[in-house]
Each structure stands twice: as structure tokens, then as C-alpha cells.
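Some notes on the structure that comes next.
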Amino acid sequence: MYASVVVDVNAKRVDKLFDYEVPAELASIMKVGMRVVVPFGPRKIQGYIIELVDRNHEKALKPILHIQDMTPELNTELIRLSEWMQTTHIAKRIAVLDIMLPRAVKGKYHKVYRLEEPEEVSDELYQLFSQNRVRISSLSADQLAALKPYVEAGVITEDVEVRQQQKVKTQKAVELCDINLDTALEALRSDKQKACLLMLADEGVLTLKELKERDFSAAVVNGLVKKELVRKIDIEDTRDPYQHREFLQDGKKVLRDEQQTAYDEISGAVAAGKNEVFLLHGITGSGKTEVYLQTIADVLDNGQTALMLVPEIALTPQMVERFKARFGDRVAVMHSGLSMGERYDEWRKIRKGEARVCVGARSSVFAPFENLGLIIIDEEHEASYKQEDYPRYHARDIAMWRGEYNSCPVILGSATPSLESYARAEKGVYRLLTLSRRANQFPVPSVNVVNMRDELAAGNRSMFSAELTQAINDRIQKGEQIVLFLNRRGHAQFLLCRDCGHVPNCPNCDISLTYHKVTDELKCHYCGHKEYKPVTCPNCDSEHIREMGVGTQKVEELIYQHFDGAKVIRMDNDTTSRKGAHEQLLDKFRDQEANILLGTQMIAKGLDFPNITLVGVLNADTMLNLPDFRSSERTFQLLTQVAGRAGRADKEGHVIIQTYNPEHYAIQYAKNNDYTGFYKEEMNYRRIGKYPPYYYLVNLIFSHTDMKEVLLESKHIHQTLLHHLSPSSYVLGPAPCAIARINNQYRFQIIIKFKSEPELLQALTYLDDYYYEKFVKNKFNLSIDINPQMLM
DNA sequence: AGCACGCCGACT
DNA sequence: GTCGGCGTGCTC
């Protein structure tokens, strides 16, 4: 028997299967998907079994050394998926496997010395070794020198230990030996020991902790162990991040007409095991989640499993609570806040079938379910579903593949669907389900757009328009709550000299430095360059060099200056980076410890507090002005989302949008809560500009420290593409990127636009291979982004 | 990627 | 003469 193995070496040249002999003693337990340790050239590394072949290989092969786990980490579906991703995403197989699996299973390598002949060394040296082995990295130079002659003599040998990053946590437990209970009980003299034995006979395995809780001390247990009536074993212990939380049981809610229709359609597909994609277009508060919950319940009743993806920032405790309340401990939750071990435990709960529902962020799309019956992607328009670094993938694409593989329905849910999805629904590729009314019958909040140019003309140079100022004061007085939203992008603080206009730039990148008040430093967000804030202008020596742009910190200060009785909770990257801080701040706001919540993107979702009656968007247009074809769509989505935060309870909600472009269609349609209006107009621009969903895009970015090199290669890339691709496709560029230099690398881009391009993958694979060699030789960098979320 | 092999320069 | 620089090539 031999096995085809993907080896844990992240390099293009070994991105293929290597065949190994399966030793006879492993043949019976060897399974596809297992991790193994194999010899690879002169080294020893971890690998994944992709295929097992039950006959001899033409060549003599090296043997697999040992297996890493008894239960395969990968199932057949994930192996097939990784194969598909390798070709369609132009990625290395091992890189794909690495993102699919929890980080904890990744191999860790330690060089060790093994003491082969203990009697040959001095006592002093012998002390160094525990169980006849010692890690080389733990030895000092002196110790290494002392060991050297023995290594040469073969008394001590060098070896590599392959282990996984994180061990499975175990607990000590006790179980009965294979004994006759009656005779054992008769022979025992201690009542405590008899009782203990009986309890074990009754309940099977008990942990030491459980025994202690029932008043059986270690002495009692040890007595029984000594008599060989029971034995100690290690059992797997799962870290449950929610173990100390009580969840209330929650039952089904009655569905309203539109919800019921949507539910009926989906559960029809679930029952039929049909791979159909539904686009659930439901406005905020229309009760999408209840539809999800009930369809998931059906899937579980069907004996199948269900996967639900939500954006990381929407994965709030409230959201988790709702799932736990409905499905109890059948739910696994995966988000970035988990430790490596916790994440691994959740993963294993799914793999072992203990968890049958998974709620998680992007990477949960790889959850190792068997028998998937339903996949849901909530807020499907969210850009965070696309992994922006290598290997780039979109969770939606992966979900589609898995839906097809498992022959199960996929639900895409959103209040503001991406244009791509809505267009497919219009064409009938997806089935459109609409929830147009709020489930709770509360009115949609009223929205006002304030023209900041008028404010400026009227002499108001502050961040707050007259209307917003009055509204805030009013709510503070009434004891109601306010959410203020600040678009972070484009509003970082930077320095500007009032005399000469100089802006300090990063020496390594073509971008201005961001001012950080806390440390009084200037930082580059792209290369990490840091410098102290200059006292005078480096260009003209003027003292009038000041911070420009408004960050959340600055706005917080302004609010306190501007409004009496304001109490602000600020949520941004600075205040929420600590683990659990996000949750704590929201709890404080819910408990009315503050009346104003000020934040960035992250407050646009998931908060659902009854007392919020005013939402203010301080700067609606910063996003609008980004040089990206999706900027209108993003703005529309964000504004609609933010507006949905107001007036959820019996108090009427009001939204004020401040902007310098009040007549812009994205803002106007958001104001009128008119998705289809926006969709139609935006589609028109996309058609004219040959952008998605009319055309597919590929973005190639290439960079090198030498500009000449980049220009030269850009011609080659351009030519290659023109040569390979059909005439109906467009190859645009090469042109300098929006940020033309990062970390001293000059960056250029080429954009491909196409409707149908059979040769595309072949051409891209060719370029990827060709430039891989160039990268190895002279650090020329090419990155390929298929279906990019951003063109910058 | 990592490791060995191999072929040239500056040192005890 | 040899230690060590890193270019080249291979890994079932």
C-alpha cells in the first residue's frame, strides 16, 4: 500500500503530491486525511494523506514514519475542496489546507539530541537529558560544545521531533478494570472504596474532579488502583468558552406572512436535498434571523448539519446567545476572539459530530461537517467575507462549492445585497425572497440629509450641523440615547504645515504619515515606519504645523466641549483591541452608563438597544470619494445599515446624515430606504464602466524595489495576457497603483475585465509559475487577485 | 522552504 | 592546505 501526501513545505516547487510506502503495521489504521510524519530529502516533516492506493508503486518508496492522529483532521469533502481551490484560486495546496484547518494542528518542529548509549556519558551530561532526549534550542553554546564529540561518536544522535502546535487538553479519569464486581466487593474492607467501585460500575468513567465532588478523595481512588480494580486514564477535555454562561431556552416564534413564505420555500429545498441558492433580501428588523433559526431546526430534525456565517463584527454575544438559546450545546461558535486551543476544540466538536450547527466568521466556511444540510451567509454583501491576503478566497464562493458538493441549499441574506447577488437573483440564477416589512411593525426611522456646505456658508465650521446639535441636546435632555458614526477611512489625522502646505510622508511609501495622539508619533500604516512628531515644519521651519483630519478621539473631545451632560463611549480600534472590550463597552451602553456611542464601522451592526432614538452620521462622504468602483455601493450599504440602528423599540427613530454631497444618488436612495432604486441606477454605471456584475475582474499587482524592473516586467505581463486571452477581454494598464510605493517597492497594476474567458486560469497559472521563479531569484513580486473587492 | 553539495577566496 | 562564502538543485 502506498499513500500520496501533501507535504508541509510552503513552496511552489513542492506543490504536488509525493508518494510514500505505508508500512504494514500502519496499513490497517491509515486513513485519508490523516496527518503523518514523512522523510523528505534529508529532513523529517509533517504531511497530509490525500490518497491511499492499495497496490505497489512502480518505484521503491520511502516509508511513512508515523501518524500524528488517530482521527483524520480532513474529510473527503475538504480534500476535494482544497484541490478545487488550488486550481481556481492559483494557490499552493498546502497554503489552502493551512487556512482550512485550525492553527493548532499545524506542525511544529524541534531539533533534538537523543542519547543512544546512556552509559557512555558522564553523570553531568546525563542530567541534561530527560527521557533520553533534549531540545537543541534549549542548550547553551558550552553545552553544545561538550556534546559534540559524543555526536560524532554516535553516542548521541540528532533527530527532529514533529508535534502539533497545541495539545488536546486531557483530564485524569478513572474507569473499572475488567473484573468480577461481586468478588471484588466482597474482598474490599473499606466502605468508601466499595461505594466508589459501585458508582463506577454504575456510571462507567468518572473524572477525578467529579469523584472529589462526590467526596471520594484521591486516597480512596489510589487504593482501588493499587488493587488493580480500577485504572486511571486520560480523557479528552474540551475548553468551552461559554461553559459558565447560562442560556435561557428559547422556542420558535410565530412567523409573519413574508417570513412564512420565505421559510416554506427554503424548507422545501431542504427537504428535497436540492442545491438551490436563495437570496433573502430583508430590511433591518424584518426578522431574517428567525427564518434562519427555524430552517436550521428543520435541518437538524432531518439528521443533517448546518453552517451559518456572519461577519466577524456581527458575531456579538447577543447573536451567539440567540443560537445557544435555541439549539443549546449543539452549537459551535468560531470567531477571532477564541484562543488557539478553544478554536481547535470547537473544530473537533464539529468533526466528531458533537456540534451540529456552527456559527462563525469567514474561516468557519471550512467547518468539517459531514452531511451538511444548509449553509447560510448572513450580510452576504460584507467585504470581510473576502480574505484579502494569500491565499485569497471569498467565503461565498466556498459556500457555493460546498452547497453543490453536499447538494444542499445556500441562503444569502442581506438588507442591502451585493449587486452581484441581486443581479443573479434577477436573472433567476438565485431565488429571490423578500422581507419588506419590519417584523415588529415599528416604523422605519425618518432620515434627514444635512448639507454641510450650507452649514459652512452659514458660518458653522464645527463637525456638528445646527440640526444635529439641536437633536443631540434634545435627546440628552430626554434621557434617550444617541449613536454617532464616524467614517474612519480618509479621516485619519495627519500633519499639515499652514505656511507651506507640507505634509510629512513616509520615507518608504507614497502615503502621508498618520498622527497618533497617544504616543505623539507619526506612523505609516503600510510599512510600520514610526517617527516623532516634528516641532517645526521639516520643509520651511514654520511653527504652524498642525494635526488635520478628525479621528474618533478628537470627536470625543469636541462632543464634551459642545454638549452639556454628554457621556461618551468611544468604540474604535484603540478601545476595542483588548479581548472582550467590545462586549464590555456595549454592555455599558446598554446599561445607560453613557448617552452617546461614538464609533467607526464596527458599530454599524448588531447593536439593538431600545433606547436609541437618534443616529448621526458625521461624515457620509469620505467613503464616497474613494477611487474604487464599489464606493457608492459601500456608502449606500453603510448608511442603510447605520440608519437601521435607530428606532427599534416603541420610540420613533431619527437619522441625520451630514454630507457635502447631499444630492449624490447613494445618499439619496439611502435616505429614502430604496434599495431597488439604488440598484437600478448603480447597475447602469456598472454597465457603462464595464464593471461587475457585467464583467468579471482580475487585479494583478506587481512590485519591485527597482522601478525599471517593474516597467520592464509589466510589458511582459501585459503581452502575455494579450496573447493568451480572447479579444473580447480587456487588459487595462499597466498603471501605477493608487499607492505607488510601499516599503520602497514600486507598485504597478494590470486589470483584466472579461465576461467569459476559458483560458484565464491557464494564463494566470503560467504567470504565477513564471514569476515565482523570478521572485526566488530577484524578489520580483506578483500578486493575483481574482474577483477583487477593492482595486486599490 | 530547507538542506546538501560544490566550487572559489582569505585565513590558522 | 582548510574554513566558509552562498549559487544550484533536489525533495516520493
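Each chain gets a letter, A, B and so on, in the order the sequences are listed, and its residues count up from 1.
- Dashed line: the shortest gap from a side-chain N or O of A:Lys62 to OP1 or OP2 of C:dC12 is under 4.0 Å.
- OP1 or OP2 of B:dA1 lies within a sub-4.0 Å distance of a side-chain N or O belonging to A:Tyr772.
- As a whole-Å value, the separation of A:Arg43 CZ from C:dG9 P is 18 Å.
- Between A:Tyr390 atom OH and B:dA1 atom P the separation is 11 Å, expressed in whole Å.
- Side-chain atoms of A:Glu158 and A:Ile136, non-hydrogen and from C-beta on, do get closer than 4.5 Å to each other.
- A centroid separation of less than 6.0 Å is found between the aromatic rings of A:Tyr393 and A:Phe366.
- The pair A:Arg348-A:Asp345 meets the salt-bridge criterion, with a side-chain N (NZ, NE, NH1 or NH2) lying under 4.0 Å from an Asp/Glu carboxylate O.
- One interatomic measurement links the two molecules: CG of A:Asp8 to C1' of B:dG2, which rounds to 12 Å at whole-angstrom precision.
- A:Lys12 comes within contact range of no nucleotide atom at all, as no heavy-atom separation falls under 4.0 Å.
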Name every donor-acceptor pair, under 3.5 Å, that has one atom in a side chain of residues 770-778 of chain A and the other anywhere in the protein, sequence neighbours excluded.
residue  : atom : partner  : partner atom : Å
A:Tyr771 : OH   : A:Glu713 : OE1          : 2.6
A:Tyr771 : OH   : A:His716 : ND1          : 2.8
A:Glu773 : OE1  : A:Arg13  : NH2          : 3.2
A:Asn778 : OD1  : A:Phe780 : N            : 3.4
A:Asn778 : ND2  : A:Glu709 : OE2          : 3.2

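- Checked for salt-bridge contact, A:Glu77 and A:Arg80 miss the test: no charged N lies under 4.0 Å from a carboxylate O.
- In this structure, CD of A:Gln46 is placed 19 Å from P of B:dA1, rounded to the nearest angstrom.
- For DNA chain B, none of the residues of residues 27-40 of chain A falls under the heavy-atom distance limit of 4.0 Å.
- Within the structure, the ring pair (Phe, Tyr, Trp, His ring centres under 6.0 Å) test picks out the following pairs touching residues 39-75 of chain A (sequence neighbours left out): A:Tyr2-A:His57, A:Phe18-A:Phe40.
- Note: NZ (A:Lys779) to P (C:dG7) measures 13 Å, nearest angstrom.
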